[in-house]
Asker: 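There's a structure below that I have some questions on.
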Amino acid sequence: MGNKEARWSDFLAPKYWLIWVSIGILRLICALPLHWGLWIGKHLGRLLHRLMKTRRHITTVNIRLCFPELSPEEQQQRVKEVFENNGIGLIETGWSYWKDENVFRKITEFRHFDLLDRQLDQGNGVILMGWHFSCLDLAGLLFSLHGKPCSTLYRKHDNPMLEWFFTSGRERFSFPVERKKTRQMLRAMRNNHCIWYAPDQDLGRKGTAFVPFFGHPAATTLATTKMHQLNNAPLIRLDCWRKPDNSGYILECSEVEGFPSGSEEQDAVLINKSIEAGIRKAPSQYMWVHKRFKTTPSGEMNIYKATKL
């Protein structure tokens, strides 16, 4: 069932009831003031930290690998903060779908968007490179406040109801494009859209290179270079993070220095280096719960299985 044909009435079977209940609870929470949503999200994250043993293990391994300068106690504190931020991120997802956008206008700071404007003036579209920060979907709504059309690349969800829910929600502030639909992507570039794209996940060996990410080899997609070559679209990194005092959000545009380099592998090095710089602005707001180092260069047992729970 494609998303264009799907409707809410297609998901009334009992197997979807728990999802409907979860959506209903989320919508009720999103009707509350922002500070209540942040409080609930933080405590939801603390609960998930206790309950999700496997994800807690993955996060712990990632933090140990990427932040060896922290003491064991500091690493564990960061793991807890990651879960708190991911809990808040669930609430922020609901805000992005249902909350009045005017609530966010006065509390969102846009930095260096003149860089984005100059690149769009070329008329080739822009690859807006993001990464999986906890306020991912809310960043889409906040970006739309700047008034620039944006298509968002995503991986189709295995659950058809969640596929309908997420893509329908994102249509409020963007044009969702399934990542394999190259023609739609090219059409958006030719219409001078921004193409939001996050190349920071482990997609396996095919079409990737092993290049450093926080000092460790990580399977990194080469698709960013290929996207650039479709329409000579420039690459801009977009960071979004919640301010430390929870008073609002910052969206910041940056150049990816040296891109394109003429080498797909060197481009991957530059991209990981740039994403790492973005993550370091608010390291606990990154989704460290995913297996960034799952695929290994020589096929040995991955670090998540090699390390005990």
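Quantities reported herein were computed from a predicted structural model and do not represent experimental measurements. Values below: all heavy atoms of this structure, side chains included; hydrogens, waters and symmetry mates excluded.
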Asker: Any Lys/Arg nitrogen of E264 or K226 sitting under 4.0 Å from an Asp/Glu carboxylate oxygen of the other?
Answerer: yes
Asker: Taking only residues two or more places apart in sequence, or in another chain, which ones meet Q77 in a side-chain hydrogen bond (donor to acceptor under 3.5 Å, both in side chains)?
Answerer: E81
Asker: Decide, yes or no, whether a salt bridge links R105 with E101 under the criterion of side-chain N to carboxylate O below 4.0 Å.
Answerer: yes
Asker: Measure the spacing between CG of L222 and CE of M227 and express it to the nearest 0.5 Å.
Answerer: 13.0 Å
Asker: Does S247 have any side-chain contact (heavy atoms from CB on, under 4.5 Å) partners at least two apart in sequence or in another chain, and if so, which?
Answerer: K243, D245
Asker: I would like to know whether E257 and K273 meet salt bridge (Lys or Arg N to Asp or Glu O under 4.0 Å); could you show each step before the answer?
Answerer: CA-CA 10 Å; E257 295 184 9; K273 182 179 179 181; over 6 Å; no
Asker: According to side-chain hydrogen bond (donor to acceptor under 3.5 Å, both in side chains), who are the partners of N272, at least two apart in sequence or on a separate chain?
Answerer: T220
Asker: Under the 3.5 angstrom rule, does the side chain of Q119 hit a backbone N or O of V126 as a donor-acceptor pair?
Answerer: no
Asker: Would you call the rings of F259 and H228 parallel, tilted or perpendicular, where under 30° means parallel and over 60° means perpendicular?
Answerer: perpendicular
Asker: Could you tell me if the side chain of E171 sits less than 4.5 Å from the side chain of P176, heavy atoms only?
Answerer: yes
Asker: Would one find more than 12 heavy atoms of other residues, nucleotides or ligands at under 6.0 Å from atom NZ of K181?
Answerer: no
Asker: Between atom CG of L65 and atom CZ of F293, what is the distance when rounded to the nearest 0.5 Å?
Answerer: 5.5 Å
Asker: How long is the gap from NZ on K294 to CD1 on I58, to the nearest 0.5 Å?
Answerer: 9.5 Å
Asker: With sequence neighbours excluded, tell me which residues meet side-chain hydrogen bond (donor to acceptor under 3.5 Å, both in side chains) with E265.
Answerer: none
Asker: Output all residues satisfying ring-ring contact (aromatic ring centres under 6.0 Å, His included) with F173, sequence neighbours left out; order by chain, then residue number.
Answerer: none
Asker: Show me the pairs that pass side-chain hydrogen bond (donor to acceptor under 3.5 Å, both in side chains) and involve residues 198-214, at least two apart or across chains.
Answerer: H132-D200, D200-Y286, D202-T295
Asker: So that I know where these two stand, are W288 and F214 an aromatic pair - ring centroids less than 6.0 Å apart?
Answerer: yes
Asker: Using modelled atom types and a 3.5 Å cut-off, is there a donor and acceptor pairing between side-chain atoms of N124 and backbone atoms of R190?
Answerer: no
Asker: Only counting residues at least two apart or in another chain, list the ones meeting side-chain contact (heavy atoms from CB on, under 4.5 Å) with A233.
Answerer: I127, M189
Asker: Just by modelled atom types, is the L141 backbone N or O under 3.5 Å from a matching donor or acceptor in the S144 side chain?
Answerer: yes
Asker: Which residue pairs satisfy the side-chain hydrogen bond (donor to acceptor under 3.5 Å, both in side chains) criterion with at least one member in residues 30-46, sequence neighbours excluded?
Answerer: R46-E84
Asker: Heavy-atom distance under 4.5 Å between the side chains of D267 and T224, does that happen here?
Answerer: no
Asker: Give, for atom CG of L90 and atom CD1 of I29, the distance between the pair rounded to the nearest 0.5 Å.
Answerer: 9.5 Å
Asker: Sequence neighbours excluded, which residues qualify as side-chain contact (heavy atoms from CB on, under 4.5 Å) partners of F113?
Answerer: F110, L116, F143, H146, L238, L251, C253
Asker: Answer with yes or no whether the side chains of R242 and N85 bring together a donor and an acceptor at under 3.5 Å.
Answerer: yes
Asker: Consider only side-chain N and O atoms of D239 and W131, and report whether a donor and an acceptor are under 3.5 Å apart.
Answerer: yes
Asker: About how many Å separate NE2 of H49 and CD of Q76, when rounded to the nearest 0.5 Å?
Answerer: 6.5 Å
Asker: Nearest 0.5 Å, please: how far is CD1 in I107 from CG in N246?
Answerer: 10.0 Å
Asker: So does N102 get a backbone contact from the side chain of D100, meaning a donor-acceptor N/O pair under 3.5 Å?
Answerer: yes
Asker: Please say which of E178, E163, R170 ends up in a side-chain hydrogen bond (donor to acceptor under 3.5 Å, both in side chains) with Y154.
Answerer: E163
Asker: Assess whether atom CH2 of W8 is packed by more than 12 heavy atoms of other residues, nucleotides or ligands within 6.0 Å.
Answerer: no
Asker: I'd like to check the side-chain hydrogen bond (donor to acceptor under 3.5 Å, both in side chains) partners of Q266; sequence neighbours left out, ordered by chain and number.
Answerer: none
Asker: For S96, does its backbone N or O pair with a side-chain atom of R172 as donor and acceptor, under 3.5 Å?
Answerer: yes
Asker: Is the backbone N or O of L162 less than 3.5 Å from a side-chain atom of N159, with the two atoms forming a donor-acceptor pair by type?
Answerer: yes
Asker: Going by the rule ring-ring contact (aromatic ring centres under 6.0 Å, His included), which residues pair with Y97 if we only count those two or more places apart in sequence or in a different chain?
Answerer: F165
Asker: For L270 and S261, work out which heavy atoms get closest and say how close.
Answerer: CD1-CB, 4.1 Å
Asker: Residues in side-chain contact (heavy atoms from CB on, under 4.5 Å) with R111, at least two apart?
Answerer: E109, W241, I250, E252
Asker: Using modelled atom types only, decide if a donor and an acceptor are shared between the side chain of R56 and the backbone of R50 within a distance under 3.5 Å.
Answerer: yes
Asker: Check whether Y249 and V103 end up in the same hydrophobic cluster, where Ile, Leu, Val, Met, Phe, Trp and Tyr are linked by side-chain heavy atoms less than 4.5 Å apart.
Answerer: yes
Asker: Given 3.5 Å as the limit, does a donor-acceptor pair link the side chain of N231 with the main chain of L186, or not?
Answerer: no
Asker: With side chains defined as the heavy atoms from C-beta onward, is the minimum distance between I88 and S134 less than 4.5 Å?
Answerer: no
